[in-house]
Amino acid sequence: MLDLNFVRENLETVKKVLENRNFPTESLEKFAELDAERRRIIGEADAVNQKRNSSSKEIGALMQAGKREEAEAKKAEVSSLKDNQSELETKREEAENAMRELLAGLPNIPADGVPVGADEAATVDIRKWGEPKEFDFEVKDHVDLGESLGILDQERAVKITGSRFAILNGAGARLERALVNFMLDVHTTEHGYTETLPPFLVNRKSLFGTNQLPKFEEDLFHIKDEREFALIPTAEVPVTNYHAEEILEAKDLPKYYTAYTPCFRSEAGSYGRDTRGLIRQHQFEKVELVKLTLPENSDEEHEKLTANAERILQLLGLPYRTVVLSTGDMGFGARKTYDIEVWLPSQNTYREISSCSNCGDFQARRMNLRFRRAGGAKPEFVHTLNGSGLAVGRTWIAILENYQQADGSIQIPEILQPYMNGLEKIESVK
RNA sequence: GGAGAUGUGGCUGAGUGGCUGAAAGCGGCAGUUUGCUAAAUUGUUGAGGAUCAAAAGUCCUCCACAGGUUCGAAUCCUGUCAUCUCCGCCA
């Protein structure tokens with residue numbers, strides 16, 4: 001959420017930013033009016049409350065002095081304020097809700113230097129690592145590989161649940177678990193993150209904090225009862241909200257968390273995309289990285305977080321490139337986002353495997369997550385960052401495709417072998 | 001799921017209708033004292049908002065949350081949520 005004062009003082013800038021992000025600007029047309037109205041009503045309501053408070057105090061004094069009649073007269077007077085007062089309180093609530101709603105619907109301001117553009121075409125390559133392997137045979141995709149090896153079963157998942165679900169078996173399931181453990185181990189022992197295992201169901205307040213709500217309700221799976229929980233679409237939600245509504249001490253920052261969780265996304269509006277294989281599922285596994293930092297350090301921490309995610313691909317020997325997303329392609333809450341894309345031989349291209357965002361104070365303001373500098377200074381909002389480190393399902397795909405052999409078997413990267421109980425190769429069980 | 005108890009500031013903990021945004025203690029911060037540490041001592045110490053160019057000041061709101069009663073609510077009433085104890089059930 002943007003700061004009210006910032007929007008008031010930079011209305012034109014905000015408008016321009018919205019256009020760069022392909023957002024309609026019409027809500028801003030009402031801003032000035034809404035803002036003035038809100039302040040006028042607050043002033044009025046405060047004045048009435050003040051009148052009531054002071055009169056009530058006088059009544060108390062009169063009662064104690066034994067001046068009953070005067071007190072009664074005063075009571076009647078205050079009573080007559082009541083209608084007006086409750087009406088003003090209602091209006092005040094409406095005005096504040098309207099303003100909150102407007103602000104909650106505005107996306108973050110991109111950082112300086114983020115390429116301006118409408119879509120993916122405007123992303124800019126930052127760096128490449130590794131060389132895509134030359135295969136001297138016709139490469140298969142992960143579906144053909146996985147099914148012929150007997151480690152991937154999509155048909156039965158459809159029977160049990162529906163489309164966009166899959167079952168991993170044997171060495172395939174083990175590979176998924178190995179990747180999770182490997183990633184968590186690297187981030188906790190080499191990169192200084194604290195492992196956390198959060199709830200997989202969250203309430204609406206948390207979803208507001210990390211800006212899934214109010215705008216992206218239809219991307220979530222909702223639990224059908226009065227508690228209104230939703231399945232997490234990413235561990236970013238429970239983990240970033242971990243310290244929501246708290247005031248941390250500056251000396252305790254930065255905080256680094258890493259969490260393994262399943263993620264659930266309805267993928268509404270993506271019906272025709274990536275229908276084959278495991279690229280886009282309703283349920284997938286992810287190891288997430290979350291940082292809470294001082295405002296002045298968030299850019300540097302963002303670079304480090306992205307490097308932490310890239311490190312996993314380097315250790316696994318998977319070629320990738322890192323790009324910076326353009327204004328039109330960035331997520332709602334991000335001020336800057338790096339996507340890391342892994343090489344997929346079957347598609348002869350790089351595909352997203354991680355998205356690392358600096359959200360600045362945008363989410364912290366939504367969840368009222370603050371810190372205090374030494375010496376009793378005013379609380380300030382922390383900066384929040386998050387990134388996948390990595391999407392495990394897509395890493396699984398990349399391992400199969402990049403390490404496939406001519407006979408359809410899969411060579412296990414050396415660093416993963418201890419996590420696979422020493423297994424060097426996944427071969428057909430048939 | 002059943003029965004009961006509880007929810008006050010960074011913490012402990014007073015407060016059962018007005019002078020309580022909240023005693024007291026601890027902690028924090030600033031000063032004084034002291035050869036240093038420690039101790040002592042004085043002061044200070046919640047958040048959000050309105051007004052204002054800004055600061056100061058003034059005012060409003062907040063004692064789990066949401067409603068209600070009342071001229072007036074931390075205090076009374078209702079609901080919700082959370083925590084604790086006992087029973088049941090389970091992993």
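All figures in this text were calculated on a predicted structure; none of them were measured in a lab. Throughout, a chain's letter reflects where its sequence line sits, starting with A, and its residues are numbered from 1.
Of all nucleotides present, only B:U58 satisfies the Watson-Crick or G-U wobble test against B:A50, with each distance under 3.5 Å. Summarising the base pairing, B:G4 is matched to B:C84 through a Watson-Crick or G-U wobble pair whose two defining distances lie under 3.5 Å. Under the Watson-Crick or G-U wobble criterion, with both distances below 3.5 Å, B:G27 is paired with B:U45. Judged by Watson-Crick or G-U wobble contacts below 3.5 Å, the nucleotide B:C65 has B:G79 as its partner.
Residue pairs meeting the ring-ring contact (aromatic ring centres under 6.0 Å, His included) criterion with at least one member in residues 18-49 of chain A, sequence neighbours excluded, are A:F23-A:F332. Among pairs with a residue in residues 32-62 of chain A, none fulfils ring-ring contact (aromatic ring centres under 6.0 Å, His included), at least two apart in sequence or across chains.
B:U51 atom C1' lies 12 Å from atom CD of A:Q50, rounded to whole Å. Rounded to an integer number of Å, the gap from NZ of A:K91 to P of B:C60 is 21 Å. In this structure, A:R39 places its CZ atom 18 Å from P of B:G48, rounding to the nearest Å. A:N368 has its CG atom 8 Å from the P atom of B:G48, to the nearest Å. Between A:N203 atom CG and B:A82 atom C1' there is a gap of 13 Å when expressed in whole angstrom units. Residue A:R370 contributes atom CZ, which lies 8 Å from atom P of B:A47 at whole-angstrom precision. Taking atom CZ of residue A:R365 and atom C1' of nucleotide B:G48, one finds them 14 Å apart after rounding to whole Å.
A:Y260 pairs by the ring pair (Phe, Tyr, Trp, His ring centres under 6.0 Å) definition with nothing, not counting sequence neighbours. Under the side chain to side chain contact (heavy atoms under 4.5 Å, CB included) criterion, A:D46 pairs with A:I42, A:R92, sequence neighbours left out. For A:Q314, the side chain to side chain contact (heavy atoms under 4.5 Å, CB included) partners two or more places apart in sequence, or in a different chain, are A:W129, A:E310, A:R311, A:Y320. Residues passing the ring pair (Phe, Tyr, Trp, His ring centres under 6.0 Å) test with A:F208: none are found, sequence neighbours excluded.
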Problem - Contact state string [nucleotides 61-79 of chain B, B base, S sugar-phosphate only, - no protein heavy atom under 4.0 Å] - result: S--------BBS-------
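Along RNA chain B, the nucleotide nearest A:S54 and the nucleotide nearest A:E96 are compared for position; the residue whose nucleotide lies closer to the 5' end is A:E96. Toward the 5′ end of RNA chain B lies the nearest nucleotide of A:L4, the other residue of the pair A:L4 and A:A47 mapping further downstream.
When the P atom is used for both B:C76 and B:U6, the distance is 11 Å, rounded to whole Å. B:G25 sits 27 Å from B:A82 when the C1' atoms are compared, rounded to a whole Å. Nucleotides B:G49 and B:U41 place their C1' atoms 38 Å apart, quoted to the nearest Å. Between the C1' atoms of B:C87 and B:G68, the separation comes to 35 Å (whole Å).
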Problem - Verdict with reasoning, A:V158 to A:E155, per side chain to side chain contact (heavy atoms under 4.5 Å, CB included) - result: CA-CA 5 Å; A:V158 170; A:E155 241 173 77; 5.9 Å; no
Side-chain donor-acceptor pairs of residues 98-114 of chain A under 3.5 Å, sequence neighbours excluded:
from   : atom 1 : to     : atom 2 : distance (Å)
A:R100 : NH1    : A:N97  : OD1    : 3.0
A:N108 : ND2    : A:G333 : O      : 3.0
A:N108 : ND2    : A:C359 : O      : 3.1

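The pair A:E249-A:R372 does not meet the salt-bridge criterion, since no charged nitrogen lies less than 4.0 angstrom from a carboxylate oxygen.
Using a 4.0 Å cut-off, no side-chain N or O of A:R372 falls inside it from OP1 or OP2 of B:G28. Between B:A50 and A:R38, a contact under 4.0 Å exists linking OP1 or OP2 to a side-chain N or O. For B:G46, the OP1/OP2 oxygens have no side-chain nitrogen or oxygen of A:K378 closer than 4.0 Å.
Using a 4.0 Å cut-off on heavy atoms, none of the residues of residues 240-254 of chain A approach RNA chain B.
Of all the heavy atoms in A:G389 and A:I312, the pair that sits closest is O-CG1, 4.0 Å.
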